[in-house]
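Each remark here refers to the structure printed beneath this line.
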There are 2 protein chains.
Amino acid sequence: MSEEKYLQNYKKTLFESPLLTVDAVLFTYHQGDLKVLLIERSNHPEKGKWALPGGFVDEKKDRSLEDTVIRILKQKTSVEPPYIEQLYTFGGPDRDKRGWSVTISYTALIAHQACRSHIETVSNVDWMNVARAEKMELAFDHQQILYRARERLRQKALYSIVPAYALPETFTLPELQRVHEVIIGKPLQKKSFRRRIEQANLLIDTGEKRSEGGRPAALYRMREKSGDYTFVRNLEQ
Amino acid sequence: MSEEKYLQNYKKTLFESPLLTVDAVLFTYHQGDLKVLLIERSNHPEKGKWALPGGFVDEKKDRSLEDTVIRILKQKTSVEPPYIEQLYTFGGPDRDKRGWSVTISYTALIAHQACRSHIETVSNVDWMNVARAEKMELAFDHQQILYRARERLRQKALYSIVPAYALPETFTLPELQRVHEVIIGKPLQKKSFRRRIEQANLLIDTGEKRSEGGRPAALYRMREKSGDYTFVRNLEQ
DNA sequence: TCATATAGTGTCGTTTAGGCACTATATTAC
DNA sequence: GTAATATAGTGCCTAAACGACACTATATGA
C-alpha cells in the first residue's frame with residue numbers, strides 16, 4: 001500500500017487515546033510573596049476545586065504546544081508571559097476521573113502588575129500564595145505539578161536569573177535578590193549574588209535609579225534574547 | 001448535574017485529540033562509541049526510515065507513562081534499562097503526516113552486553129553510532145528528539161555519573177571516564193574526574209580488580225537508590 | 001631486570017563563593 | 001547645616017573546588 005492510500009484510510013480510523021491537556025504554573029512576585037495563578041473550576045470534573053489554568057490543544061489555532069499554553073494563559077490574564085518553559089508531562093489512569101489522561105505542564109513567570117487589572121475583574125481567577133496553595137487540595141494532580149514547578153523554580157533561582165521575569169521590565173538588584181530569596185527560602189549573600197549577576201552579563205544598567213529611603217538603587221532590564229539565562233555554567237535544564 | 005452523571009455522560013463523547021505517542025532515546029556505549037537504538041520502520045507512515053523506538057499508551061497495561069516506555073523498550077531489547085528519564089514533549093501539526101501529534105520522549109541508558117544477543121537476532125532493530133544517526137534522515141522529527149537527548153546527556157556527563165548506566169553493572173573508573181569523554185567530546189582531566197566521583201560518593205568499590213595490560217583498576221558498582229546522580233550541585237533537569 | 005603500559009596520587013596555582021566590614025548616597029530628625 | 005539612619009554597593013580575606021601535570025604504584029612482557 002502506498003503512503004498516500006494509507007493516510008487516506010487512516011483519517012477514517014479513530015484511536016482510543018488518553019485525554020490530552022496542557023496545564024500552566026504561572027508564578028509571580030508580589031509584596032514579598034511568591035504567588036501562583038489558580039482557577040476555581042466551574043465545570044465537572046473537580047467542580048469547585050482550585051486548579052492550575054489548563055485546557056486542550058486546539059488543532060486549528062495552535063501550531064505548537066507553546067501556542068496552546070500561551071492561548072490558555074492569555075485567556076486568563078489577557079497578556080502573554082515573557083517566560084515560558086516546559087516543565088514535565090504527567091500521565092496515568094487515575095489522575096483524571098474521566099480515564100487515562102496526560103497533561104503537558106509548563107512553568108511561566110510574569111510581573112504582577114502586568115495582569116493585575118484584568119485578574120481583579122474576574123471572580124474565579126486569582127493569585128494565591130504558593131505556600132498556601134501547596135497545602136490546599138487542588139484539582140486533579142495539580143498539587144504534584146505545582147510542587148515540581150516550585151522545585152524547578154528553586155533550582156533556577158540558584159543558578160539563573162529567570163526569576164527576574166516575575167518582576168516588571170525594570171527592577172533593582174536588591175529587588176531581584178529578594179525574589180530569589182523568597183523562592184529559595186533563605187537569605188543570600190549580597191556580594192555573591194551581585195557577583196554572579198555581573199559575571200552572567202545578562203542585565204543592562206538603564207542608567208536610571210530608584211530610591212527607597214536610602215541610597216538609590218540602579219535600575220536594570222534584561223538583555224534581549226540572551227538565549228539561556230544561566231549564570232555561569234550551561235545546565236539544562 | 002452531579003459529577004457522577006457527568007462522568008457517565010462523558011464516556012459516550014469522543015474528543016478530537018492529537019495523536020499521542022511515547023518515544024525513547026536509548027543510548028549505550030560500545031567499543032569507544034556512543035550508540036543509539038533505532039528501528040527500521042516496516043509500516044506507514046515513514047515506512048523504510050529509521051526511527052526511535054516508540055509506541056502508544058496501552059490504557060489497559062500501563063499504569064504510567066514510564067510503564068509505556070519500559071514496555072516499548074522491553075519489546076525491542078528484551079530487557080528493562082536501569083536508567084530512564086523523561087526528556088521533553090514535542091507536539092505540532094506537522095511532525096506526523098497523520099495530523100496534529102504529540103510525543104513524550106524519554107532518555108534511557110543500558111549496557112551494550114545486556115541486550116546484545118536479543119538485538120542481533122532481530123533484523124530491523126540495531127544500535128547505530130550517534131554521530132552517524134545525527135546526520136541521517138530519521139522518521140518524523142526524531143532527529144530533533146535525538147539532538148535534544150544528546151545535549152541533555154552531555155550535561156549529565158559534565159555534572160553526574162548517569163553515564164555509568166551505559167556500562168555493565170561493574171566497571172572501572174578509567175572505563176567510566178572514557179564514556180564521559182566520548183559523550184562530552186573532549187578529554188577530561190583524570191584527577192578532576194576522580195575527585196568528583198569520590199566526593200559524590202555514589203560508587204562502591206567492589207574490592208575486585210580488572211587488568212588491561214598495566215596496573216589493574218578497581219571495579220566499582222553504583223550505590224543502590226542513590227536518589228539523584230549529580231556530583232556536587234543539585235541541578236534538575 | 002628493565003621497558004612499557006595502565007592506574008592512581010600529591011601538589012601547586014587559579015578560580016569561585018561565602019562572609020563581613022567597609023564606603024557611598026539618599027532621607028529624616030533636630 | 002549636621003548628625004542619625006536607612007539602603008546600595010565595594011574591598012578584601014579565607015576556604016573550597018578545579019585544572020594541570022608531575023609523580024608514584026602495579027601489572028605485563030621482552
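Computed from heavy atoms alone, side chains included, the values below leave out hydrogens, waters and symmetry copies. Residue numbering restarts at 1 for every chain, and letters A, B, ... go by the order of the sequence lines.
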Indicate for each nucleotide in nucleotides 21-30 of chain C, in 5' to 3' sequence, whether protein heavy atoms under 4.0 Å reach the base (B), only the sugar-phosphate (S), or nothing (-). ---BBBS---

To the nearest Å, how far apart are [X] [atom1] and [N] [atom2]?
{"X": "B:Glu175", "N": "C:dT6", "atom1": "CD", "atom2": "P", "answer": "13 Å"}
{"X": "A:Tyr220", "N": "D:dA8", "atom1": "OH", "atom2": "C1'", "answer": "10 Å"}
{"X": "B:Phe193", "N": "D:dA17", "atom1": "CZ", "atom2": "C1'", "answer": "17 Å"}

Is the base of D:dG11 touched by the side chain of A:Lys191 through a donor-acceptor pair closer than 3.5 angstrom? yes

Got a donor-acceptor pair under 3.5 Å from the side chain of A:Arg195 to the base of C:dG18? yes

Within the structure, does a side-chain N or O atom of A:Gln177 lie under 4.0 Å from either OP1 or OP2 of D:dA8? no

Scan B:Lys209 against the nucleic acid and name what it touches under 4.0 Å (heavy atoms): base, sugar-phosphate only, or nothing. nothing

How close do B:Pro81 and B:Ala108 get, heavy atom to heavy atom, and via which atoms? CG-CB, 4.1 Å

For B:Glu151 and B:Gln155: C-alpha separation, side-chain torsions, deciding distance, then whether side chain to side chain donor-acceptor pair (under 3.5 Å) applies. CA-CA 6 Å; B:Glu151 274 307 304; B:Gln155 294 302 325; 4.8 Å; no

Rounded to the nearest 0.5 Å, what separation is found between the CD1 atom of B:Ile104 and the CG atom of B:Leu65? 4.5 Å

Mind telling me whether A:Phe193 and A:His180 have parallel, tilted or perpendicular rings, with 30° and 60° as the class edges? perpendicular

Parallel, tilted or perpendicular: which fits the ring planes of B:Phe140 and B:His142, with parallel below 30° and perpendicular above 60°? tilted

For A:Leu188, does its backbone N or O pair with a side-chain atom of A:Glu181 as donor and acceptor, under 3.5 Å? yes

Is there side-chain contact between A:Ile145 and A:Tyr88, with heavy atoms separated by less than 4.5 Å? no

The single option from B:Val36, B:Val25, B:Asp33 passing side-chain contact (heavy atoms from CB on, under 4.5 Å) against B:Val130: B:Val36

Identify which one of A:His112, A:Gln113, A:Glu120, A:His118 satisfies the side chain to side chain donor-acceptor pair (under 3.5 Å) criterion when paired with A:Arg116. A:Glu120

Angle separating the five-pair end axes of the helix from C:dT1-D:dA30 to C:dC30-D:dG1, nearest 10°, is 10°

Quick note, A:Gln189 side chain, CB onward, closest among C:dC20, D:dA8, C:dG8 is C:dC20

Of all the nucleotides listed (D:dG19, D:dA17, D:dG9), which has the minimum atom distance to the side chain of B:Ser192? D:dG19

